[in-house]
Amino acid sequence: MAGLGAGLGARPSAAFEAGRFQPLAAPLRPVRSGKFIVPKRCFTVSSRLTWVEDELMEIRKSQEQSSIKSKKRPPLRRGKVSPQLPVPGHIPRPSYVGSKGLPELCKGQLHDAQGITGMRAACKLAARVLDFAGTLVKPSITTNEIDAAVHNMIIEAGAYPSPLGYRGFPKSICTSVNECVCHGIPDSTQLQNGDIINIDVNVFLNGYHGGTSRTFACGQVDDSIKHFLNAAEECLEKGISVCRDGVNYRKIGKKISKLAYFYGYYVVERFVGHGIGTTYHSEPLILHHANENSGRMVEGQTFTVEPILTMEKTECVTWEDGWTTVTADGSWAAQFEHTILVTRNGVEILTKV
């Protein structure tokens, strides 16, 4: 579950200036209609960068050959939210359950061998649950039905769904459809062919939290949407690739921003990654946009990297439920997330199946 701003409440300052990074070629700007708008500018690409030109040509070619047309989706509306699902009494609950207040943000979490074993188990379960959730994504299923199936899988494994009861959140997962940036509450909304949905799974197992999310395509989606999802996942991978003991946290955001800008997409600055372990949310706060924050990664530390990209540059609006956050202009958003363990020479992606 994405942290809300710096400290789960305050919005971090924008350190990124659009002119700082220059793309190797003019990025294609995908829109919801599934067509690309090609900027009217000329570029000279050196022979050693012909792979960039080839890639852009492939994208144009793919669009020309595609016979799939995006179906215009009406704006999201809140559906009917069913009652909170029960959790057997023998399953341990996180300390925040039953309190609607904001838990105090603790310092970063370092793990010894026992802690790493606990984190691996929790994250492995979260990854398995997310894979299962992805198999449920199909036209006509409701987000509430996905939540119920995932809830049952988590409690059958002897774990507690971390979002349930966190600051009053009423469901066991977050389901964010199309223009929903994050924290969508499962309800009676039915998925339609051509939709996209981010499913955010977090579990509390034997005293440790593990979290992961992925954006899935429902049925057949336009090639421009496929490109968008691939770019969003690549941004996550590139952000993780710089992580290791002693590296500045800010390198994550710089790497993600540069790649997103090259592809013509935008990074949501309002939501952040966060430390995770015996505590659900802790320091460090991981900014996914370019920034100059201080702080370095430490071996044995666990935190999430979970950038959110939007297809257009836009503001975010949170609904009256206090959770569901959507793009102001209705443009679509995509998010991918992993929990990682910092090692001396790199990272271990704990939520990778």
Side-chain angles (χ1 to χ4, degrees), residues 1-2 32 68 70-88 125-157 159-203 211-222 225-226 228-229 232 306 308 316-327 330-337:
M1 178 182 272
R32 294 182 61 189
I68 303 172
S70 291
K71 181 178 181 181
K72 188 173 182 180
R73 184 76 153 85
L76 283 179
R77 294 289 183 267
R78 182 173 181 176
K80 182 178 180 181
V81 179
S82 60
Q84 180 174 311
L85 296 172
V87 177
L125 175 60
R128 284 177 41 227
V129 171
L130 182 60
D131 271 2
F132 167 69
T135 67
L136 303 175
V137 175
K138 59 184 179 181
S140 80
I141 195 169
T142 68
T143 54
N144 190 64
E145 289 172 330
I146 296 174
D147 175 79
V150 167
H151 176 90
N152 289 334
M153 182 177 181
I154 292 173
I155 63 173
E156 285 174 3
Y160 186 91
S162 300
L164 188 63
Y166 180 77
R167 298 177 62 194
F169 193 81
K171 290 294 183 176
S172 298
I173 58 173
C174 298
T175 51
S176 303
V177 179
N178 297 343
E179 69 262 37
C180 185
V181 172
C182 63
H183 299 162
I185 299 175
D187 57 21
S188 59
T189 300
Q190 283 188 314
L191 296 183
Q192 296 183 14
N193 185 56
D195 283 347
I196 59 174
I197 176 174
N198 175 270
I199 301 178
D200 193 344
V201 172
N202 292 261
V203 303
T212 182
S213 83
R214 194 182 312 158
T215 301
F216 299 93
C218 180
Q220 291 184 310
V221 298
D222 189 272
I225 302 301
K226 292 178 183 177
F228 177 50
L229 298 185
E306 44 185 310
I308 305 171
C316 297
V317 178
T318 300
W319 289 0
E320 291 182 0
D321 60 27
W323 287 102
T324 309
T325 302
V326 300
T327 58
S331 59
W332 287 12
Q335 180 183 30
F336 290 82
E337 171 192 3

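Position 1 is the first residue of the sequence, and the numbers go up from there. As a basis for the values below, the full set of heavy atoms in this structure was taken, side chains included, without hydrogen atoms, waters or symmetry mates.
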Undergrad: Listed by chain and number, what are the side-chain contact (heavy atoms from CB on, under 4.5 Å) partners of Ala148, not counting sequence neighbours?
TA: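 With sequence neighbours excluded, Ala148 shows a side-chain contact (heavy atoms from CB on, under 4.5 Å) to Leu85, given in chain and number order.
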Undergrad: Applying salt bridge (Lys or Arg N to Asp or Glu O under 4.0 Å) as the test, list every pair that has at least one member in residues 186-200; sequence neighbours left out.
TA: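 Residue pairs with at least one partner in residues 186-200: Arg73-Asp195.
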Undergrad: Of the non-hydrogen atoms in Cys174 and Met1, which two are nearest, and what is the gap between them?
TA: SG-CE, 3.5 Å
Undergrad: Is there a donor-acceptor contact under 3.5 Å from the side chain of Thr142 to the main chain of Gln190?
TA: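 No; zero donor-acceptor contacts below 3.5 Å.
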Undergrad: Any salt bridge (Lys or Arg N to Asp or Glu O under 4.0 Å) involving residues 129-153? Give me the pairs, sequence neighbours left out, ordered by first then second residue.
TA: Asp131-Arg214
Undergrad: Does the side chain of Ser172 reach to within under 4.5 Å of the side chain of Val150, using non-hydrogen atoms?
TA: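 Result no, sub-4.5 Å side-chain heavy-atom pair not found.
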Undergrad: Within the structure provided, determine whether Leu130 and Phe216 are in side-chain contact (heavy-atom separation under 4.5 Å).
TA: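 Yes. Closest side-chain heavy atoms under 4.5 Å.
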Undergrad: Looking at Pro86, is its backbone amide N or carbonyl O close enough to the side chain of His151 to form a donor-acceptor pair, meaning the two atoms are under 3.5 Å apart?
TA: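 Flag set: sc His151 to bb Pro86 pair under 3.5 Å.
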Undergrad: Test of understanding: with side-chain contact (heavy atoms from CB on, under 4.5 Å), list the residues that count as partners of Pro83, not counting sequence neighbours.
TA: none
Undergrad: Taking C-beta and beyond as the side chain, do Lys171 and Pro161 meet within less than 4.5 Å on heavy atoms?
TA: no
Undergrad: Go through the structure and list residues passing side-chain contact (heavy atoms from CB on, under 4.5 Å) with Pro75, not counting sequence neighbours.
TA: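 side-chain contact (heavy atoms from CB on, under 4.5 Å) list for Pro75, sorted by chain: Arg77, Glu179.
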Undergrad: If the condition is side chain to side chain donor-acceptor pair (under 3.5 Å), which residues does Gln335 pass it with, not counting sequence neighbours?
TA: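 Gln335: side chain to side chain donor-acceptor pair (under 3.5 Å) contacts with Glu306.
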Undergrad: According to side chain to side chain donor-acceptor pair (under 3.5 Å), who are the partners of Asn152, at least two apart in sequence or on a separate chain?
TA: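 None.
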Undergrad: Hey, could you give me the CD1/CG distance between Ile154 and Leu125, rounded to the nearest 0.5 Å?
TA: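 If I round to the nearest 0.5 Å, the distance is 7.0 Å.
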Undergrad: Run the side chain to side chain donor-acceptor pair (under 3.5 Å) test against Thr215 and tell me which residues pass, sequence neighbours left out.
TA: Asn198
Undergrad: Less than 4.5 Å apart, side chain to side chain, heavy atoms only: is that true for Thr324 and Arg78?
TA: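 A side-chain contact under 4.5 Å is absent here.
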Undergrad: I want to check something: taking the side chain as every heavy atom from C-beta on, are Ile146 and Pro186 in contact at a cut-off of under 4.5 Å?
TA: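 Heavy-atom side-chain distance check fails, nothing below 4.5 Å.
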Undergrad: Can you sort out the partners of Ser188 under side chain to side chain donor-acceptor pair (under 3.5 Å), two or more places apart, ordered by chain and number?
TA: none
Undergrad: Who pairs with Phe169 by ring pair (Phe, Tyr, Trp, His ring centres under 6.0 Å), at least two apart in sequence or on another chain?
TA: Trp323
